Every structure is written in structure tokens, then in C-alpha cells.
**Student:** 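Input: one structure, supplied below.
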Amino acid sequence: MPEINIERMSLSLSGVSEDEGRKLAQHIADGLASAKMPDSATGSEAIQSSLTIRPGSSMPDLGAQIVADLIRQLNRSL
């Protein structure tokens, strides 16, 4: 299984409390930990994601949306 090292993750969220932001970061970390990573995912220096939140999204849904976008970008960077 490929290994990925994330040194820093920043989230810019409006209308979300610090506690909710931490929970979202945990959902993202959990999602990345269980995601199937591309075999050569180690080559990306930085990835930036800008998403529009789907109306009514829960924190777990938003975390899954972010993880899916990050994996998509990793696949493109190979």
C-alpha cells in the first residue's frame, strides 16, 4: 500500500466553529487513511482544493467530498 505524508493541512471555512473545523479535519484524515491511494502519490509538493459545499452537507459528507477531490488531484498529478 502506498504511503502518503501530509505535513500541513489548512482549511479556510466560513460559518464553522473551531470545534467543527477540528471534527472536519478528523473526517478528512480518517477518509485519507482508508482511501485507496495512487501507487505514485508521493510526487506532489502541494495540492489546493476549492470546493462548493453541497446544501445540507454534514461534516462527514463534506470530509468525504474533500477526500474525493484530493484523491482526484493526486491521480491527475501522476
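What you see below is based on every heavy atom in this structure, not just the backbone, and it leaves out hydrogens, waters and symmetry mates. None of these values were measured; they are calculated from a predicted model.
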**Student:** Using only heavy-atom distances, determine whether the side chains of D69 and Q65 contain a donor-acceptor pair under 3.5 Å.
**Tutor:** no
**Student:** Is it true that a side-chain atom of Q73 and a backbone atom of Q48 form a donor plus acceptor pair closer than 3.5 Å?
**Tutor:** yes
**Student:** Heavy-atom distance under 4.5 Å between the side chains of I71 and L32, does that happen here?
**Tutor:** yes
**Student:** Report yes if some heavy atom in the side chain of E18 is under 4.5 Å from a heavy atom in the side chain of R22; otherwise report no.
**Tutor:** yes
**Student:** When rounded to the nearest 0.5 angstrom, what distance separates OG in S58 from NE2 in H27?
**Tutor:** 7.0 Å
**Student:** Could you measure the distance from the CZ atom of R72 to the CD1 atom of I47? Nearest 0.5 Å is fine.
**Tutor:** 11.5 Å
**Student:** Determine whether L13 and E20 satisfy the following criterion, side chain to side chain contact (heavy atoms under 4.5 Å, CB included), listing intermediate values before the conclusion.
**Tutor:** CA-CA 10 Å; L13 306 166; E20 289 174 317; over 6 Å; no
**Student:** Rounded at 0.5 Å granularity, tell me how far NZ in K36 sits from CG in N75.
**Tutor:** 9.5 Å
**Student:** As an exercise, state the distance from CG of L11 to CG of L24, rounded to the nearest 0.5 Å.
**Tutor:** 5.5 Å
**Student:** Looking only at non-hydrogen atoms, find the nearest pair between V67 and A35 and report the distance.
**Tutor:** CG1-CB, 4.4 Å
